[in-house]
Each structure stands twice: as C-alpha cells, then as structure tokens.
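Every chain is numbered from 1 and lettered A, B, ... according to where its sequence line falls, protein lines coming before strand lines.
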Protein chains: 2
Amino acid sequence: MIEQEQEDVASAQIAAVRAFNRFYTRQIGALSEGLLDSTFSLTEARILYELAHRDGLTASLLARALEIDAGYLSRCLRKLEDRGLLVRQKSDTDQRQSVLALTGRGREEFAPLESGADAEVSKLLSRFVESERRRLVEAMRTVRAVLGPDEDAAAPYLLRAPEPGDLGFIIHRQARLYHDDYGLDQRFEGLIAGIVSAFVDTFDPARERAWVAERHGAVVGSIFCMKASDTTARLRLLYVEPSARGLGIGRRLVEEVIRFARAKNYQALTLWTNDVLDSARRIYEAAGFVLVEEENHHSFGQDLVGQNWTLAL
Amino acid sequence: MIEQEQEDVASAQIAAVRAFNRFYTRQIGALSEGLLDSTFSLTEARILYELAHRDGLTASLLARALEIDAGYLSRCLRKLEDRGLLVRQKSDTDQRQSVLALTGRGREEFAPLESGADAEVSKLLSRFVESERRRLVEAMRTVRAVLGPDEDAAAPYLLRAPEPGDLGFIIHRQARLYHDDYGLDQRFEGLIAGIVSAFVDTFDPARERAWVAERHGAVVGSIFCMKASDTTARLRLLYVEPSARGLGIGRRLVEEVIRFARAKNYQALTLWTNDVLDSARRIYEAAGFVLVEEENHHSFGQDLVGQNWTLAL
DNA sequence: TAAAGTAATTGCCAAAGTCAATTATTTGAT
DNA sequence: ATCAAATAATTGACTTTGGCAATTACTTTA
C-alpha cells in the first residue's frame with residue numbers, strides 16, 4: 001500500500017454512499033415530476049421556495065444557496081418579475097444589489113405548488129407504517145446532520161402532557177437506549193412498563209403529572225412526577241433522546257417537576273437512579289438534589305449502583 | 001381493527017422529507033460536479049455506470065431503470081456508439097431490441113470517471129470520523145431500505161422474539177391505534193403496559209413466549225402466549241399494523257401461539273377481546289376459537305362488549 | 001390472423017443551463 | 001485619498017438537455 005495523505009475510507013462505505021446517490025437521483029427525479037404540469041420549472045420552484053421561506057435574499061445569495069449560475073438566475077428572476085410574482089428593491093447598503101421579495105401574487109401562485117409537493121410526499125409516506133416513516137425521517141435527519149451544517153441545533157422544543165401512545169413510546173425508547181448504552185435487558189423494560197402501568201392505574205390528577213418533550217413533532221424526552229406519600233413526591237422516568245441532548249431539555253424537565261411538586265405542597269422530592277447515568281446525575285446535582293443512599297445491586301443483567309437522591313422543597 | 005386506506009401522515013414528517021429532498025438536490029449537484037471536466041454528461045455517466053455494472057441491458061430496460069426518455073436515450077446511445085464505447089447486438093429472442101455492451105475502450109474511458117467519483121466521495125467522507133461515517137452509511141441504507149425495493153405489497157415478513165425496546169413499542173402502537181380507531185384513552189395504554197410488565201415479571205421461558213412480526217426492519221405486529229394456569233394458556237396483545245394487514249400476519253401469529261400452546265401441553269387456550277375488533281374476531285373464529293362469554297363494560301372512556309373465547313387443544 | 005402492444009428511432013422543438021463580456025459599485029492596499 | 005481588485009448583476013451568444021409525437025419494425029394476444 002502506498003501512503004495516503006487522507007485517512008483510508010473503507011471502499012464499502014464509498015460504494016454505499018455512491019449507491020445512495022444514484023438511488024436518490026432517481027428518487028428526486030420522481031418527486032419533481034409533480035412540477036411538470038405546473039407553470040414553473042424545477043429551478044423556478046426552488047427559487048420561489050427560498051424566497052417564500054427566507055427574507056432579505058439577494059440574487060447572489062440565492063445563486064450561492066441554490067448553486068445556480070448567476071446569469072441564468074438573473075434571467076429566471078426577470079421572468080418571475082415580469083409575471084408579477086416578485087419585486088426587487090435596491091439595497092440601501094449596497095447600490096449594486098437588490099433585495100428580492102415575493103409579491104402577494106407570488107405567494108398565491110406558489111401556494112398550490114407547496115401543497116402539491118406536500119400531497120405528493122404524503123402519498124409517498126402513506127405507503128409505509130408509522131414506524132417505517134419514523135425510521136425514514138430519522139435517517140434523513142441523520143444524513144443531513146452529518147453532511148450538512150447543523151442549522152437544526154437551535155430548533156425549538158415544547159413540553160406537553162403525554163397523548164395516547166406516548167407512554168408506550170417512552171418505554172420503548174428508554175428500554176432501547178439503556179440496552180444499547182448499558183446492556184440492560186428486557187427486565188428493565190418490564191420495570192418501566194410497570195411504573196407506567198402503576199402511574200395510569202393510580203393516577204391522581206391533583207398531585208401527579210407527566211410531561212413529554214416534543215421536537216420536530218417527535219417525542220424526544222419525558223419525565224414523571226408521582227406521589228410517594230402525602231408529603232413526598234417521586235421524580236421518575238427522566239430521559240432525553242441522544243439526538244436532542246445539549247439543548248437543556250433534561251434540565252427543563254426536572255425544573256418543571258420541581259415547580260409542580262412545590263405548587264402541590266409536597267415537602268420533598270426523591271428519585272432513584274443509577275451511578276452510570278452521568279448526565280442525569282449532573283442535572284440532579286445542579287437542581288439541588290442530594291445523594292442520600294447508594295446500594296450495589298445486580299439487576300437487568302448488569303452490576304449496578306443504585307442511588308437515592310432527595311430534594312427538600 | 002378496521003382497515004384504513006390511508007393513514008394520516010404527520011405534517012412534520014412531510015416537512016422533514018421535503019427538507020431532505022431540497023438538501024440532497026444540492027448535495028447531488030455538488031457531487032456530480034466532478035463530471036464537468038470529463039467528456040461525459042451526468043446522464044451519459046449514469047448510462048455508462050449501468051452498462052458497466054449490469055449485463056444484458058437493452059435500451060428499454062435502461063430507459064426504465066434510469067427513468068430517461070426513450071428518444072433521448074436512443075440519441076445518447078448512438079453518440080456513445082459513434083465514439084466506439086459501446087456495441088449493440090441484435091437480440092436473438094426479439095428482433096426489435098438490441099443487447100447493449102461496453103467495448104473495451106468504453107470500459108477504459110469510463111474507469112477514470114469511476115475512480116474520480118470514488119475519490120470525490122472518499123474526500124467527502126474523510127472529513128468525518130469513522131463513527132460519523134458509519135452513522136451516515138447506516139442512515140443512507142435505512143432511507144434506501146424504506147423507500148427502495150418496496151413495490152410489492154407482498155413483501156416478506158418474519159416472526160422473531162422481541163428485543164429490548166420492542167415491548168414498549170408494542171404498547172405504544174396498540175395504544176395509538178385503539179385510540180385513533182375506537183377512542184380508547186390512556187387507561188387502555190396503562191392496561192397493556194401492566195400486561196407487558198406482568199409478562200416480564202413472571203416470565204416462564206418454558207411455558208410462555210412472545211413474537212413480533214418484522215417487515216422492512218420494522219415491527220408490524222405482535223402476539224403473546226402467557227400462562228393462565230398449568231393447563232390453560234392465554235393469548236394476548238395481538239395486533240397488526242394497518243398497512244401490514246391483508247398479508248396473513250395476524251393469522252400466522254395466532255397459529256404460532258396455538259402451535260406453541262400444543263407443544264407445551266396446555267389443554268386450552270383462552271383470550272379476551274372486544275366485539276368491535278372485527279378482523280381479529282374473524283381470525284379467532286377461523287382458528288377454531290369459540291365464544292364462551294360476553295359482558296358489557298365501560299372502560300377506557302368507551303362502552304364496550306368484552307368477549308372471552310376459548311380453544312380446546 | 002388482425003389488432004394491440006412493445007422496442008427503437010427520428011424530427012422537431014423548447015427549456016435549461018453555460019460562458020464570457022460588460023457595467024456599476026464596493027473593498028482593500030498602499 | 002486613490003487606484004487596482006473584487007463583487008453584484010446583467011446581457012448576448014451559445015450548447016446541451018430532454019420532452020413529445022410520429023414512424024417503423026417487430027411480438028404478443030384475442
């Protein structure tokens with residue numbers, strides 16, 4: 001083997017990426033067929049899309065964003081302007097450039113294109129089961145996260161009450177994650193299913209609550225506040241999806257439980273966790289929880305150190 | 001379980017897929033720039049690729065595989081033939097078509113294109129660490145697996161034991177489906193979480209078992225066989241994803257449980273269900289189950305008619 | 001055996017896109 | 001402050017790409 005300046009990339013990986021490129025070239029071709037009977041070309045549609053979704057664009061920005069030849073773009077813009085779909089306003093900071101904006105008419109004519117594309121994708125997706133769709137979307141996000149710049153990082157999340165199906169999903173994800181990361185077996189999944197079951201069974205809406213964190217329309221975290229006694233609440237089932245970590249979601253969930261427990265006049269909040277869960281522990285510490293007890297135990301196929309933490313309210 | 005033509009697709013998923021399409025449109029544009037200083041167009045390169053990697057291609061096969069207009073393809077092929085890169089030989093089974101094949105010269109001239117593309121992708125990949133590359137390749141494979149070789153509704157499925165995460169997923173999906181179709185609320189989700197929890201807690205591998213049906217790498221159904229007494233087994237948690245129905249998966253799952261219960265020397269198999277679940281009932285009837293008892297009950301926010309069925313083994 | 005369908009080709013044409021040159025401005029180096 | 005170099009946008013002159021319909025030569029089907 002001759003020296004290579006670059007790290008050797010496995011040829012199987014190269015082949016896989018190239019196969020994907022060929023595959024997706026066709027896929028995109030198929031999906032952009034919807035444009036054929038519209039009055040816009042693919043490039044025009046891409047231009048309109050950018051204009052509809054970003055403000056303050058200039059021709060050169062657009063050319064760079066879409067990687068279109070500036071000359072060709074200029075002509076396209078002229079055509080759209082002539083059709084009354086877009087206006088250009090001389091920038092006041094730079095006399096050479098104009099700021100582009102869709103007119104009301106531009107938005108109007110573009111709207112059916114958008115809904116048509118939505119419908120087409122919806123039709124495509126409806127061929128699959130929900131879990132397949134989720135796998136697909138997650139995989140696409142991964143591809144984008146790796147290859148592209150992460151503009152996604154700042155995406156917002158929201159907390160809400162769990163809806164039917166969410167509880168099962170939380171069990172599903174926690175079981176999978178703790179299995180992958182710490183080797184916990186199915187008995188752990190049984191344990192959390194039992195916790196969830198008990199939560200629903202004995203649910204006291206006045207003093208108990210659950211939250212899920214949602215981002216991009218998907219559940220990415222959860223937390224439960226359950227009654228241990230009249231004066232003590234228990235924090236349970238905290239988790240945050242790996243792909244959503246670092247956004248402060250875990251901290252926010254814990255804060256929410258503390259706020260809730262205070263409001264419901266609990267005097268203490270306790271929780272049980274295991275020492276391997278570093279990032280969770282850091283959140284608990286930061287929130288003021290104190291470690292009160294540790295015990296070794298062999299559970300779920302692993303040697304673990306259980307910990308009880310408590311917070312006086 | 002009622003048949004549904006088309007499930008509602010969450011708009012967040014649609015948006016994610018469309019964002020990916022826009023993203024990858026640019027990506028492909030960037031990756032095919034390598035062709036610019038070659039003497040081949042993108043389409044020619046795609047044609048050559050197919051010819052280099054598959055034997056016995058004809059023009060019409062090629063047109064279909066690459067989704068190229070037959071007329072345009074014809075011209076491209078002529079051009080390549082004129083350059084001495086490819087030969088056409090009249091098919092002996094069909095005088096209308098010709099079998100296409102690259103000449104030695106064709107392979108020679110195509111080779112640098114291939115290695116160029118490899119190098120380009122390799123350069124792209126070398127920007128990442130191995131774990132990122134693995135994630136990328138895996139995600140691409142997933143996209144392809146989901147979107148790709150679908151077509152046939154009769155895609156194969158397989159039965160296997162549940163893996164960590166599968167139990168929660170089953171709870172998740174059943175809760176969601178029965179909520180959407182029959183309005184069952186979260187208490188139903190609690191119930192099945194309890195069943196799953198009990199299954200794990202008291203699991204007797206000699207006399208109990210669970211199966212999940214997998215298709216395209218996703219769980220699309222489940223069934224459980226649990227011990228009710230030494231002589232009686234209970235069939236529980238049967239479900240099949242709406243879009244995986246009609247493939248005989250439900251029937252197969254029930255058969256599997258019956259076979260298992262017989263093999264384990266149970267004398268009877270019982271199950272509890274509700275009268276609204278038509279397609280499930282049909283499966284039970286076909287398998288020989290007999291309705292032994294019905295009772296009205298108000299549960300999970302709905303008025304329901306519970307049914308006990310039994311099968312002598 | 002006629003009608004319908006399929007494989008491949010061709011002419012015609014419009015759309016899509018490239019390239020280089022040009023003008024008007026702004027930026028940066030001295 | 002000034003002038004060369006860079007940037008934004010446009011235009012003219014092209015080529016390439018690719019869609020569509022008609023046509024020919026076969027095969028399949030009713």
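- Look at B:Arg88 and you won't find any side-chain N or O under 4.0 angstrom from OP1 or OP2 of C:dA8.
- Put simply, the side chain of A:Arg75 and the base of C:dT18 share a donor and an acceptor less than 3.5 Å apart.
- Residue B:Gln97 contributes atom CD, which lies 21 Å from atom P of D:dT24 at whole-angstrom precision.
- Comparing D:dC20, C:dT25, D:dT27 by their closest approach to the side chain of B:Asp94 singles out D:dT27.
- Of all the heavy atoms in B:Val99 and B:Gly56, the pair that sits closest is CG1-CA, 3.7 Å.
- Following rounding to the nearest Å, B:Leu66 (CG) and D:dT17 (P) show an atom-to-atom distance of 15 Å.
- For the pair A:Glu130 and B:Arg173, the salt-bridge criterion is not met [side-chain N within less than 4.0 Å of a carboxylate O].
- The shortest distance between the side-chain N/O atoms of A:Thr43 and the OP1/OP2 oxygens of C:dG17 is below 4.0 Å.
- B:Arg96 has no side-chain polar atom (N or O) that falls below the 4.0 Å cut-off from OP1 or OP2 of D:dT23.
- For the OP1/OP2 pair of D:dA8 and a distance below 4.0 Å, the side-chain nitrogens and oxygens of A:Ser98 include no atom meeting the criterion.
- In this model, the phosphate group of C:dA15 is not approached by any side-chain N or O of A:Ser41 to a distance below 4.0 Å at OP1 or OP2.
- D:dA9 atom P lies 14 Å from atom CD1 of A:Ile68, rounded to whole Å.
- Between B:Ser60 and C:dA8, a side-chain N or O to OP1/OP2 separation shorter than 4.0 Å is present.
- Counting any heavy atom pair closer than 4.0 Å across all strands shown, A:Ala70 reaches a base atom.
- In this structure, B:Leu73 places its CG atom 16 Å from P of D:dC20, rounding to the nearest Å.
- Atom pair A:Tyr72:OH and D:dC14:P shows a separation of 20 Å (rounding to whole Å applied).
- A donor-acceptor pair shorter than 3.5 Å cannot be found between the side chains of B:Arg96 and B:Ser91.
- In this structure, B:Lys79 atom NZ and C:dT10 atom P are separated by 15 Å, rounded to whole Å.
- Salt bridge present: B:Asp278 and B:Arg281 bring a charged side-chain N and a carboxylate O closer than 4.0 Å.
- Side-chain proximity of A:Arg78 to D:dC20, D:dC26, D:dT10: nearest is D:dT10.
- With 3.5 Å as the limit, one finds no donor-acceptor pair spanning the side chains of A:Thr43 and A:Ser41.
- Atom P of nucleotide C:dA16 and atom CZ of A:Arg46 are separated by 13 Å, given to the nearest angstrom.
- Classification of the A:Tyr49-A:His53 ring pair by plane angle, with boundaries at 30° and 60°, yields parallel.
- Closest contact between the side chain of A:Gln95 and the listed nucleotides C:dT9, C:dA16, C:dT26 involves C:dT26.
- In this entry the distance linking CG of B:Leu77 with C1' of C:dA7 reads 12 Å, nearest Å.
- Comparing B:Lys90 and A:Thr58 against DNA chain D, the residue whose closest nucleotide sits nearer the 5' end is A:Thr58.
- In this structure, the nucleotide among C:dA7, D:dT10, C:dT25 sitting nearest to the side chain of B:Arg64 is C:dA7.
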